Undergrad: 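For reference, the structure I am asking about is given below.
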Amino acid sequence: MLVRRSLRSLCSKANGLSSLARQTKPQHPADSNLKSLCLNGRLKEALFEMAVLGTEVKFSCYDSLITECLNQRALREGQRVHVHMIKSRYLPPVYLGTRLMILYAKCDSLEDARNVLDGMPERNIVSWTAMISGYSQRGCHAEALELFIRMLQTGLLPNEFTLATVLTSCSGPHGFKHGRQVHSLVVKTNFESHIFVGSSLLDMYAKADKIHEARTVFDMLPERDVVTCTAIISGYAQLGLDEEALELFRKLYEEGMECNYITFASLLTALSGLSALDYGRQVHSLTIRRELPFYVVLQNSLINMYSKCGCLIYARRVFDSMPERTVISWNAMLVGLGKHGLGRQVLQLFKSMREELKPDGVTFMAVLSGCSHGGLVDEGLDVFDYMLNEQGLKPELGHYGCVVDLLGRAGRIEKVLDFIKDMPFEPTAAMWGSLLGACRVHANASVGEFVAQRLLEIEPENAGNYVILSNIYAAAGRWEDVVRVRESMKEKTVMKEPGRSWLNLDRIIHTFHSSDRSHPQKEAIDAKLKELCVKIKEAGYVPDLSCVLHDVDDEQKERMLLGHSEKLAITFGLMGTSRSGMIRVTKNLRICVDCHNFAKFVSKVYGRDLSLRDSNRFHLIVGGVCSCRDYW
DNA sequence: GTAGGGTTAG
């Protein structure tokens, strides 16, 4: 190795000397030597040649130099070329100026790139587009848009490159109003059917939560490729429209769409949402069969899919097998452990992580919420202090929310109030909601009343808040207040998202809504539910009527409770799975107290393990005991 | 010479 290196350096020295010699021979112009050095990647020597040539350097030499700098992403060398141009009073033509600018942009020197652009006496569409692209690829969307507008003001019309680029800076609700204007420009310039512009356009709509518009653009495109298809599938998945994403994927796959690792990563996001383990495993084996190279993004998606489907072991297996991990890989694994209530394992993994790379804000969210779900209060507070004091990462709203949850869970109600008072943020509805839940569990009616009032000021439309407050009053025997709260609830609340539970059996997703009568096996499910109700009541189950939002008599309340979607799904799972298998049910909202209790009795009486995933965490119920320790 | 889709948290 050493020998080879010294040989190489000898050769290059010899070459340098020969080029000096060649300078004296006018029939072998030095610039051809400079160009061949560039072609061979020997940038340093080429720069030496450039210095020797002085003001003799011509366009084609500068072009070669910049090309090689671009190849090597060599910022310093590029700067030397730039300085040389200035000193030689060489005014680069548009083409060369643009490429110099691109070099700066690709090397993350946006300011230098912008200076080049501003200093150019003449610019064409490529110059503008390249600079806009530099901004948008580095997330400087405001700058990208501002430059785009300035370009339009000069009277220049965008081409398909400009449009595809600028649309990526219009994502999110903030950029949407610009995105819409760009769309009309797309129509005006007749690029509506262009595949790149179309993909950007549909992605812009999807990211602004306008999935119907995105779908319209997709359906109108005369041709599609892997990017277009992935963009629309991922659009559905990112909005939580998982069934739609899966359905569209299946349709396009049957039609012969091309897939790559990004398509699979996006599809896995949808499958995670659906807890569709069978499909997820199918995608996993498909990626293995296709011998897709190692892609961190895909592996990250697999970790997420397996842990959201309740298969932590598989998630961990993927994580452990990765030759290279990003902060997202670690975060995905930490979130998985945390949602399963495995606080100790979260802390252990967090420790290993810090030995390898720097955690980010999401890491701390995962660790704090992992401590919260795992009941590790003091450890969680230590993590928050660590974040405050040692990481140079400022805790954000979500981190403060985790601490509120952490303290509330431990019953340190007064401490939560102090914590909220000292926060650099206004408390959110989620924080008050979390504290209200804590007041109910720890039977603190006085603070509960105060908290509920704050909450109802911010969120008067959320029926759940009234219910918890009335529960607190009921527990304290304040019946008049119970009536008063129920009355005001009727006036102000709006329908919340309806509860929905589902389970996957034989690659079919069986979905249940509250009081669902639509399932083909509804009679059998009703009969089974009645039967198991008798059995678990004998074992001590008492329906918790306080979970019913409506003001009806007790008999009707019990009927309503029995109609909760998770009870239907659990019953169906009991009928449809083999005796040894775990019953896995997913719910879109948080599981209610009564259903949680119901599930525990079912697990005890029928000797079955249940894994319930709600919007917050997993409840692993074995032998009548839940991993959440009855606090969630 | 300039262009589109992606994984974690809430």
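If you're wondering where the values come from, they're calculated on a predicted model, not measured in any experiment. Residue numbers begin at 1 in each chain, while the letters A, B, ... track the order of the sequences.
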Undergrad: Taking N and O atoms by type only, does the side chain of A:S200 place a donor or acceptor under 3.5 Å from a partner on the base of B:dG4?
TA: no

Undergrad: Let's see if you can work this out: which of B:dA3, B:dG5, B:dG1 has an atom nearest to the side-chain heavy atoms of A:S234?
TA: B:dG5

Undergrad: Whole angstrom is fine here: how far is it from CE in A:M322 over to P in B:dT8?
TA: 13 Å

Undergrad: A:Y135 and A:R114: side-chain donor and acceptor closer than 3.5 Å?
TA: yes

Undergrad: Return the value, rounded to whole Å, for the distance between atom CZ of A:R224 and atom P of B:dG5.
TA: 18 Å

Undergrad: Can you measure A:E160 atom CD to B:dG1 atom C1' for me and round it to whole angstrom units?
TA: 13 Å

Undergrad: Centres of the A:F384 and A:Y400 rings: under 6.0 Å?
TA: yes

Undergrad: So which nucleotide from B:dT8, B:dG1, B:dG5 ends up closest to the side chain of A:A231?
TA: B:dG5

Undergrad: Quick one: label A:L201 by what it contacts on the DNA or RNA (base, sugar-phosphate, nothing), any heavy atom closer than 4.0 Å.
TA: nothing

Undergrad: Out of the candidates A:H183, A:K207, A:H178, only one should pair with A:C170 under the side-chain contact (heavy atoms from CB on, under 4.5 Å) rule; please name it.
TA: A:H178

Undergrad: Which of these, A:V126, A:T165, A:L147, sits in a side-chain contact (heavy atoms from CB on, under 4.5 Å) with A:M131?
TA: A:L147

Undergrad: Check the phosphate of B:dG6 against A:Q238, side-chain N and O only, distance under 4.0 Å to OP1 or OP2. Yes or no?
TA: yes

Undergrad: For DNA chain B, what residues of residues 393-409 of chain A have any heavy atom nearer than 4.0 Å?
TA: none

Undergrad: Pick out which of A:L268, A:L312, A:L277 makes a side-chain contact (heavy atoms from CB on, under 4.5 Å) with A:Y306.
TA: A:L277

Undergrad: Considering only B:dA9, B:dT7, B:dG4, which nucleotide approaches the side chain of A:T228 most closely?
TA: B:dG4

Undergrad: Take the protein atom CG of A:L268 and the nucleotide atom P of B:dT8, then report the distance between them rounded to whole Å.
TA: 10 Å

Undergrad: Please tell me whether A:F191 and A:F196 form a close aromatic pair, meaning their ring centres lie under 6.0 Å apart.
TA: no

Undergrad: Indicate the atoms forming the closest heavy-atom contact of A:G134 with A:A105, along with that distance.
TA: CA-CB, 4.3 Å

Undergrad: Whole angstroms only, please: what is the CG-P distance between A:L167 and B:dG4?
TA: 10 Å

Undergrad: Over all strands shown, is A:V217 touching base, sugar-phosphate only, or nothing at heavy-atom distances under 4.0 angstrom?
TA: nothing

Undergrad: Taking CD1 from A:I328 and P from B:dG10, how many angstroms apart are they, rounded to a whole number?
TA: 14 Å

Undergrad: Quick check: any donor-acceptor pair below 3.5 Å linking the side-chain of A:T98 to the base of B:dG1?
TA: yes

Undergrad: In residues 118-141 of chain A, which ones come under 4.0 Å of DNA chain B, going by heavy atoms?
TA: A:N124, A:V126, A:T129, A:S133, A:Q137

Undergrad: Measure up the A:Y90 and A:Y62 rings against each other and bin them: parallel (under 30°), tilted (30 to 60°), perpendicular (over 60°).
TA: tilted

Undergrad: Would you say the side chains of A:T363 and A:D360 form a donor-acceptor pair under 3.5 Å?
TA: yes

Undergrad: Is A:Q238 close to A:T269 at the side-chain level, that is, under 4.5 Å between some pair of heavy atoms?
TA: no

Undergrad: Can you tell me how far C1' of B:dT7 sits from CZ of A:R325, to the nearest Å?
TA: 15 Å

Undergrad: Using the benzene-type ring in the case of Trp, are the ring centres of A:H373 and A:F618 under 6.0 Å apart?
TA: no

Undergrad: Is the shortest side-chain N to carboxylate O distance from A:R344 to A:E379 below 4.0 Å?
TA: yes

Undergrad: Given B:dG4, is OP1 or OP2 found less than 4.0 Å from the side-chain N or O atoms of A:K207?
TA: no

Undergrad: Do the two ring centres, one from A:H284 and one from A:F264, sit under 6.0 Å apart?
TA: no

Undergrad: Does anything in residues 340-369 of chain A come within less than 4.0 Å of DNA chain B? Heavy atoms only, and list the residues if so.
TA: A:V362, A:M365

Undergrad: Just call it for A:V327: base, sugar-phosphate, or nothing, with non-hydrogen atoms closer than 4.0 Å on any strand.
TA: nothing

Undergrad: Is the A:W330 to A:F350 ring centre distance short of 6.0 Å?
TA: no

Undergrad: Would you kindly say whether A:S200 and A:D203 are connected by a side-chain donor-acceptor distance under 3.5 Å?
TA: no

Undergrad: Give the rounded distance in Å between these two atoms: CD1 of A:I102 and P of B:dG1.
TA: 9 Å

Undergrad: Can you see whether A:Y314 has A:R281 sitting over its ring - NZ or CZ less than 6.0 Å from the centre and within 45° of the normal?
TA: yes

Undergrad: Does anything in residues 257-266 of chain A come within less than 4.0 Å of DNA chain B? Heavy atoms only, and list the residues if so.
TA: A:N260, A:Y261, A:I262, A:T263, A:S266

Undergrad: Residues from residues 299-314 of chain A sitting under 4.0 Å of DNA chain B, heavy atoms only?
TA: A:N300, A:S301, A:N304, A:K308

Undergrad: Scan residues 147-160 of chain A for pairs that pass side chain to side chain donor-acceptor pair (under 3.5 Å), counting only residues two or more places apart or in two chains.
TA: A:N159-A:T162

Undergrad: What does A:T326 touch in the nucleic acid at a heavy-atom separation under 4.0 angstrom: a base, only the sugar-phosphate, or nothing?
TA: nothing

Undergrad: Does A:K339 place a side-chain N or O at less than 4.0 Å from the phosphate oxygens OP1/OP2 of B:dG10?
TA: yes

Undergrad: Is it true that A:R250 and A:E254 make a salt bridge, defined as a side-chain N closer than 4.0 Å to a carboxylate O?
TA: no

